[in-house]
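For reference, the structure is listed below as structure tokens.
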Amino acid sequence: MHTPTWPQDGAKSTKPNKFTEEVINEKSQKKVKTPKAEIQQVSISSDALKEEMENFSTKKKSLKRKRVKDEPKDGSSHSVSPHLKRKTDESEEEAHERNSKKRIEKSVKKEEGDHPLPKKPKRTKEEREEAKLLKIQKKEEEEKNRWRWWEEEKYEDGVKWKSLEHNGPYFPPEYQPLPDDVHFYYDGKKMKLSAAAEEVALFFAQMLDHEYTTKKVFRENFFKDWRKEMSPEEKSVIKDLDKCDFSEIHAMHKARVEARKNLSKEEKQTLKEANQKIVEEFGYCLLDHHKERIGNFKIEPPGLFRGRGEHPKQGMLKKRIQPEEVIINCSKDARIPDPPPGHHWKEVRHDNTVTWLASWTENIQGAIKYIMLNANSKLKGEKDWEKYEIARKLKSCVDDIRDTYLRDLKSKEMVTRQRAVALYFIDKLALRAGNEKEEGETADTVGCCSLRVEHITLHEQLDGSKCVVEFDFLGKDSIRYYNKVPVISKVFKSLKRFMDNKEPGDELFDRLNTSLLNKHLSSLMPGLTAKVFRTYNASITLQQQLKELTNKSDNEAEKLLSYNRANRAVAILCNHQRAPPKTFEQSMANLQAKIDARKEQLALAKSELKQAKKEAKDKGSSDVKLQALVERKKAAVKRCEEQLLKMEVQATDREENKQIALGTSKLNYLDPRISVAWCKNMDVPIEKIYNKTQREKFAWAIDMTEADFEF
DNA sequence: GTCTCGACTTAGCACCTACAGT
DNA sequence: ACTGTAGGTGCTAAGTCGAGAC
């Protein structure tokens, strides 16, 4: 039988999982620094909590029993054939539903056009009701079909699944040669390219609008790889990229893009349906008899590699992957997916200690690429849950760990001191671990352990603070990290020591690497690594900020604003940046123009008010008409002021968010249970915080979290 | 210990679409 | 009804980290 594995219900569990124990411990040994609200919660914890947990697990059990009744665990509620096609009925239904809804909407629209007014309200109302009902039905259906894996017992260590069946990856379509009227020119002369060379030429031509086709490294890499695809004759002719004229190919590509945009509704619909079919066939697998969505079921198409930042390999040809290079992973008794006709797989294996369904080796970095499940799957969800539980565990011992590394700052051993300073950074600034990277293989980016002397500047005094460290380096994805941080003097002095007699290009922590650091961390707490600090600090920050910023009495908009602000605080901590949207300046200017216009309007309204007041005064307060006018003008001024304020807030909000990406932290660092509990406490519907995809990903948290959850 | 590889998470960008504001 | 924009989605690069070979 399954044992429900909720943290909250640990005392009841006959076989508490590894998460459960920790939570119990944590609840009983709250730290001194605990904020008020937390203490309150702890104080009720003993009896009341127990009772609550009892209720809770009974509730859950009855729920489960019911579900077991309508949906046998072995999946026999689905049709019988083991072939994956059987799983389509559900999505067909969905699609059908969606389609019929669309049709409904369409017909409504049409009628609106044909008979502008009379028929509209009645019909839409009916239709709307129907659509609404359908939606609710669908939701219920989905809820019923959801695999509540979080209520099941975990597998023994290392085992990821017992059965796995799928249709293999989807391969991108073969290359279609250029039409005869589209030409490539070399040195002004028309030249017909071989299919292989032409395909690669098209990759380049497609990118011509991009800035990076002008970069030297990109062009050189591209040209070198392109030449490898050429026939001997082509090679002997084409020797200089600057003499290549791709303009016709480029124009054709642009025309194609344009044509695709201008397709009729029907044609677009047809395309959509064709895509849907592919998704239905390749987008799902059967994992332990449950239908699960695959995250990336398509083999990556060939193209020109574009790394992030100043990548030394940018422009290289990313080759087309053949089935002969692909390894399939599925269970022994499963139907082995068919390779495309005339092809075979590199290997078929049955390894249930890994989560991937297919893999291949990519030719740029020699890295392995995987086909894996969607974020809403059991495999991903369970891991995610575990991640947050480890972070919560860190919460219970973070004070000790901080004491430890502060003490280590005084150590005689250089390694220990370096480790302590690195940990201080990782904890305080949420820096990444910073593995070493092979020089010349990737863009020059660093994390904590790989920081170099040139990346920090020490200031004894800066902006009124003492011991300020100025960071300036490129992190993951070549995103710049720039920060000025006051640090404790011991750290400051240590840094000075570390930098003694070093060149700018030398490693700051020359005795330290991530492996050493993580070994140390895992000795302090099982499962602890550098990245757990990021998760922990992100989640705890969200929780604190939410507590600080939101009041129950706020209205929904205010609550949501506070939530976003809390989210933003985390994003800033984790340095989650984005390129300002391309239209940002323009749209900001538009907004500013509106604000200016409104300001003028306000000034006008004010002067009119003044005028009205004056007139009213002159004529004496007895004039009712003038009094009314004054009131009206007053109202106008007020309205204007409000609108202006609203726009100004919007402007600041947008400006603040200009370079900050909220999504990454929401998706990867914030324990969803914090958000779910907050929603419950604040009476905010979860839909306001998480969209559909996010709700699916965090289904486990939404289902199991009560209002009293504490990270 | 050091290096390499494999498996997995985290990340930003480009596109597209739905929706809010006029 | 129109349009600009924010937000959703797909894509795949770029990290982290543990294990095992040497």
Side-chain angles (χ1 to χ4, degrees), chain A residues 105 109 112-113 116 158 160 210 257 260-261 268 272 275 279 283 295-301 303 305-309 311 313-314 318 327 329 351 353-356 359 361-362 364-370 372-375 379-380 383-384 386-387 432-438 441-443 445-450 474-479 513-519 521-522 527-532 534-535 538 571 574-584 586-588 590-591 594 646-647 650 653-654 657 659-669 690-694:
Chain A
E105 281 160 16
K109 260 187 195 162
E112 277 167 19
K160 304 289 167 62
H210 266 113
V257 171
R260 197 162 1 124
K261 235 195 296 182
K268 276 186 181 162
K272 212 173 166 186
N275 270 328
V279 174
N296 59 324
F297 58 89
K298 290 177 174 166
I299 296 274
E300 292 173 18
F305 176 80
R306 170 64 191 158
R308 317 261 164 84
H311 202 292
K313 299 198 169 184
Q314 63 188 92
K318 188 167 120 169
I327 304 173
N329 192 30
D351 182 355
T353 68
V354 296
T355 65
W356 51 268
S359 73
T361 303
E362 151 265 2
I364 305 280
Q365 325 254 15
I368 308 171
K369 298 270 185 157
Y370 302 95
M372 287 184 188
L373 295 189
N374 186 272
L379 251 26
K380 297 285 186 191
K383 202 73 190 295
D384 215 33
E386 195 183 319
K387 173 181 77 187
R432 296 189 184 83
N435 284 310
E436 304 97 299
K437 318 196 326 176
E438 222 175 312
E441 295 292 299
T442 59
T445 62
V446 296
C448 185
C449 292
S450 49
L474 297 182
K476 182 178 181 179
D477 294 311
S478 292
I479 297 292
N513 61 43
T514 53
S515 153
L516 231 55
L517 181 72
N518 281 334
K519 255 184 208 143
L521 287 175
S522 71
L528 185 62
T529 64
K531 93 184 180 91
V532 178
R534 256 168 97 79
T535 313
C574 293
N575 199 38
H576 289 141
Q577 296 189 26
R578 59 168 183 170
K582 279 195 184 108
T583 52
F584 186 85
Q586 186 55 53
S587 82
M588 216 53 197
N590 289 348
L591 191 59
K594 272 194 208 165
K646 195 177 153 200
M647 278 194 281
Q650 194 188 356
D653 202 51
R654 224 194 274 177
N657 239 11
Q659 307 205 64
I660 298 167
L662 299 185
T664 307
S665 48
K666 203 175 189 179
L667 234 47
N668 299 305
Y669 288 104
Y690 290 137
N691 66 35
K692 187 161 177 283
T693 319
Q694 292 162 341

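Numbered from 1 within each chain, the chains take letters A, B, ... in sequence-line order.
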Provide, to the nearest angstrom, the distance between the [atom1] atom belonging to [X] and the [atom2] atom belonging to [N].
| X | N | atom1 | atom2 | value |
| --- | --- | --- | --- | --- |
| A:N668 | B:dC8 | CG | P | 17 Å |
| A:D351 | B:dG6 | CG | C1' | 11 Å |
| A:Q659 | C:dA6 | CD | P | 15 Å |
| A:H576 | B:dG12 | NE2 | P | 5 Å |
| A:K383 | B:dT10 | NZ | C1' | 13 Å |
| A:L667 | B:dG12 | CG | P | 12 Å |

Discussion item. Strictly below 4.0 Å: does A:K387 bring a side-chain N or O up to OP1 or OP2 of B:dC8?
Written reply: no
Worksheet item: Who passes salt bridge (charged side-chain N to carboxylate O under 4.0 Å, His left out) against A:K318, sequence neighbours left out?
Response: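 For A:K318 the salt bridge (charged side-chain N to carboxylate O under 4.0 Å, His left out) partners, ignoring immediate neighbours, are A:E300.
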Item to complete: Kindly write out the residues that satisfy salt bridge (charged side-chain N to carboxylate O under 4.0 Å, His left out) with A:R308, not counting sequence neighbours, or none if the list is empty.
Response: A:D477
Worksheet item: Where the side chain of A:V354 is concerned, which of B:dT10, B:dC8, B:dA11 is the nearest nucleotide?
Response: B:dC8
Discussion item. The side chain of A:I368 is closest to which nucleotide in this list: B:dG12, B:dA7, B:dT9?
Written reply: B:dA7
Item to complete: Map A:Q577 and A:K268 onto DNA chain B by nearest heavy atom, then report which one ends up closer to the 5' terminus.
Response: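 Checking each residue's closest nucleotide, the 5'-ward one belongs to A:Q577.
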Practice prompt. Would you kindly compare A:K261 and A:Y370 by the position of their nearest DNA chain B nucleotide and give the one closer to the 5′ end?
Written response: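 Checking each residue's closest nucleotide, the 5'-ward one belongs to A:Y370.
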Worksheet item: Is there a donor-acceptor pair closer than 3.5 Å between any side-chain N or O of A:R578 and the backbone N or O of A:N657?
Response: yes
Worksheet item: Within the distance-only criterion (no hydrogens, no angle test), does the side chain of A:N296 pair as donor or acceptor with the backbone N or O of A:M372 below 3.5 angstrom?
Response: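 It does hold such a pair.
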Worksheet item: Which is it for A:L516 and A:K519 under the side-chain contact (heavy atoms from CB on, under 4.5 Å) test, yes or no, and what are the steps along the way?
Response: CA-CA 5 Å; A:L516 231 55; A:K519 255 184 208 143; 5.8 Å; no
Fill in: Under 4.0 Å protein heavy-atom contacts per nucleotide of nucleotides 7-17 of chain C, with B for base, S for backbone only and - for none
-SS-SBSBSBB
Discussion item. Under a plain distance cut-off of 3.5 Å, with no hydrogens placed, do A:K380 and A:T355 share a side-chain donor-acceptor pair?
Written reply: no
